[in-house]
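I have placed the structure first, in the form of C-alpha cells, so that the comments after it can refer back to it.
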Amino acid sequence: MLSCVIRDVSGREIIMPRLLSLQINIDEGVPADSLYAVFPEIQTQELAAVTVYDGDRAVFIGVIDEEEHERGAQGEYLKISARSLAAHLTDNEAMPCAYDHPSMRFIYERYAKPYGITMEDGGDETYFGEQSVLKGFSCWRVLKKFCAACYSSVPRISSVGVLYPKGIGRGEETVFGKDDVRYISVKEIKKRCEELSAVYVKTSNGGSYTLPITNAEAAKRGIRRVRYLNAALTESPLSCADAMIRGSKAKAYAVHLRCPSCLLGQEGNRARVKDSVLAESENLYISAVHYRMNENGEYSDVILKRRNS
C-alpha cells in the first residue's frame with residue numbers, strides 16, 4: 001500500500017491522509033520523474049518535498065513544484081505536483097568554466113551531491129581531455145556531457161535520487177505472465193525508422209569518413225540509415241559510434257504492457273515476457289513505468305526496451 005510523507009519549509013514532516021489519486025511517471029528518456037497527487041484538504045505551511053513509500057520502501061523522492069488548496073461542491077482537496085531530485089540539476093545553471101581531465105567523482109560532487117543525490121558506486125573514471133561548461137549550461141547538461149564523453153552513455157538519476165552514470169540497470173528480473181506479474185494488455189512496436197545500419201567515422205583531422213561501424217543485422221533486414229561521426233573531436237570518441245548503433249536498436253523496438261498492479265521501483269530491471277506472440281520476449285529491460293491510482297483502482301503502464309550490451 002502506498003503512503004506519502006510531505007516536508008514543509010520549516011522541516012516538519014507530515015504523514016499525509018490517504019491518497020485520493022496519484023500519478024507517477026518514470027521514464028529513462030526524461031531527466032526528472034514527475035508526480036501528481038490529490039489528498040483530502042489539510043492545513044499546512046508551504047510545502048517543499050514529498051516521499052512516496054510502498055510499505056517501508058521509498059519509491060519516489062521529490063521536490064514540490066506546485067500546491068493547490070481547492071474548495072468546491074465536491075469537497076476540499078490538497079493537490080501537489082512534484083519532480084524527482086533530478087529537477088535540481090535541470091533547474092540550476094552551472095557556472096561557466098573549463099576542466100582539464102575531470103573525474104566522475106569530481107563531476108558528481110560538484111553538480112549532483114549538493115542536491116542530496118547519491119551515486120550508484122564509487123567509480124572514479126577520468127576523462128582524458130578538456131570539458132567546457134558554457135554559459136547557459138544546466139547542471140544536468142554538464143553531467144550528461146561528461147557521461148557521453150567518458151562512457152558513451154546517458155546518465156540516469158532514479159526516482160529516489162541515485163545517480164547511475166552509465167544508465168540505470170539493476171540486477172533484478174521482472175517476469176511478466178499469468179503466474180508472475182499479470183498484464184491485461186500487450187502491444188509490440190517495431191520502428192524501422194529509428195535503427196541505424198552504419199556509422200561512418202572520421203578518425204583524423206586530415207582524413208575522411210572512411211571507417212564504417214556497421215549494424216549487420218539491420219542491413220540484412222533491408223534498413224539503410226547512415227550517420228557520420230567525427231571522432232577526431234575530443235568530445236566524440238570512436239566509442240560514440242557503437243553507442244549510436246546501440247541507441248538506435250533500443251529505440252527501434254518496444255513492448256507496452258498494462259499491469260493491474262503497482263510496479264514503482266522496478267524501472268531498470270531485466271524483463272522477460274511469457275507471451276508466444278511477441279517477436280522478442282527476452283533480453284529486455286523496464287525503460288519506463290507510468291503509474292495511476294484513483295477510486296477505480298490502480299495500474300502501471302510499463303515500457304520494455306531491448307537491453308544492448
Side-chain angles (χ1 to χ4, degrees), residues 25-34 86 90 140-141 144-145 147-149 151-157 164 166-169 174 176 183-203 208-231 233 235-259 263 266-290 300-309:
N25 296 309
I26 299 172
D27 192 321
E28 68 171 351
V30 180
D33 304 322
S34 63
T90 62
W140 170 254
R141 187 170 178 182
K144 184 178 179 180
K145 180 181 178 182
C147 291
Y151 305 116
S152 297
S153 66
V154 178
R156 171 69 183 161
I157 298 175
Y164 295 83
K166 300 176 184 179
I168 195 167
T174 302
F176 296 89
Y183 57 90
I184 57 178
S185 67
V186 58
K187 178 169 63 175
E188 184 180 44
I189 300 172
K190 300 176 184 178
K191 294 184 178 181
R192 289 170 59 86
C193 61
E194 294 285 359
E195 194 163 0
L196 297 179
S197 57
V199 177
Y200 287 88
V201 182
K202 177 180 177 180
T203 57
S208 185
Y209 295 87
T210 55
L211 176 62
I213 306 297
T214 61
N215 179 0
E217 198 273 334
K220 184 179 179 180
R221 292 172 17 242
I223 293 174
R224 297 292 183 269
R225 296 186 71 242
V226 170
R227 295 291 183 270
Y228 293 87
L229 175 72
N230 186 354
L233 299 175
E235 294 182 0
S236 301
L238 183 60
S239 59
C240 285
D242 289 318
M244 291 168 68
I245 295 287
R246 292 196 306 269
S248 75
K249 292 173 69 176
K251 291 179 182 178
Y253 183 82
V255 175
H256 292 227
L257 301 165
R258 173 160 291 187
C259 306
L263 296 180
Q266 298 197 39
E267 63 276 7
N269 281 10
R270 293 179 291 111
R272 184 158 48 94
V273 185
K274 295 179 179 178
D275 194 313
S276 59
V277 175
L278 298 181
E280 299 183 32
S281 60
E282 298 184 352
N283 198 33
L284 303 170
Y285 73 99
I286 299 177
S287 169
V289 177
H290 301 281
S300 298
D301 283 335
V302 177
I303 299 175
L304 310 181
K305 290 185 177 179
R306 289 172 174 146
R307 183 176 294 284
N308 296 306
S309 57

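Start at 1 with the first residue, then count along the sequence. Keep in mind that the numbers below use all heavy atoms, side chains included, and drop hydrogens, waters and symmetry copies.
- Across every non-hydrogen atom of Y209 and Y200, the tightest pair is CD2-O, 3.5 Å.
- No donor-acceptor pair under 3.5 Å is formed between the side chain of N215 and the backbone N or O of I245.
- With salt bridges taken as basic N to acidic carboxylate O contacts below 4.0 Å, none links K191 and E195.
- Side-chain contact annotation: Y164 with E28, donor-acceptor N/O pair under 3.5 Å absent.
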Evaluate side chain to side chain contact (heavy atoms under 4.5 Å, CB included) for Q266 paired with V289, printing each intermediate quantity in order. CA-CA 8 Å; Q266 298 197 39; V289 177; 5.5 Å; no

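- Here the closest non-hydrogen pair linking I168 and G268 is CG2-CA, 4.0 Å.
- Atom NZ of K202 has more than 12 neighbouring heavy atoms from other residues, nucleotides or ligands inside a 6.0 Å radius.
- For the atom pair CG of D33 and CG of D27, the computed distance is 8.0 Å after rounding to the nearest 0.5 Å.
- The backbone N or O of E194 sits less than 3.5 Å from a side-chain atom of R225, completing a donor-acceptor pair.
- Between V255 and F176 there is no side-chain heavy-atom pair separated by less than 4.5 Å.
- Contact record, A218 with S197: CB-CA, 4.4 Å, taken as the closest heavy-atom pair.
- Closest approach of L196 and S248 over heavy atoms only: N-OG, 3.0 Å.
- Counting heavy atoms from C-beta on, the side chains of E217 and I223 never come closer than 4.5 Å.
- The heavy-atom pair separating R306 from A250 by the smallest distance is O-CB, 4.3 Å.
- Using a 4.5 Å cut-off on side-chain heavy atoms (C-beta onward), V302 and I286 make contact.
- One distance of note links OG of S287 with CG of L304; it measures 8.5 Å at 0.5 Å rounding.
- The CD1 atom of I26 sits 12.0 Å away from atom CD1 of I303, with the distance rounded to the nearest 0.5 Å.
- When each of R192, E188, K190 is paired with Y253, the side-chain hydrogen bond (donor to acceptor under 3.5 Å, both in side chains) condition holds for E188 and for no other.
- Residues P155 and W140 have side chains in contact (heavy-atom distance under 4.5 Å, counting atoms from C-beta outward).
- Atom OH of Y183 is separated from atom NE2 of H256 by 14.5 Å, given to the nearest 0.5 angstrom.
- Of all the heavy atoms in P31 and A86, the pair that sits closest is O-CB, 3.2 Å.
- R246 places no side-chain N or O within 3.5 Å of a backbone atom of R307 that could act as its donor or acceptor partner.
- Side chains of C147 and K166 form no contact here, defined as non-hydrogen atoms less than 4.5 Å apart.
- No donor-acceptor pair under 3.5 Å is formed between the side chain of R272 and the backbone N or O of L284.
- Within the 3.5 Å criterion, the main-chain N or O of H290 finds no donor-acceptor partner in the side chain of N25.
- A donor-acceptor pair under 3.5 Å is formed between the side chain of S300 and the backbone N or O of L263.
- Not a single donor-acceptor pair under 3.5 Å links the side chain of T174 to the backbone N or O of A271.
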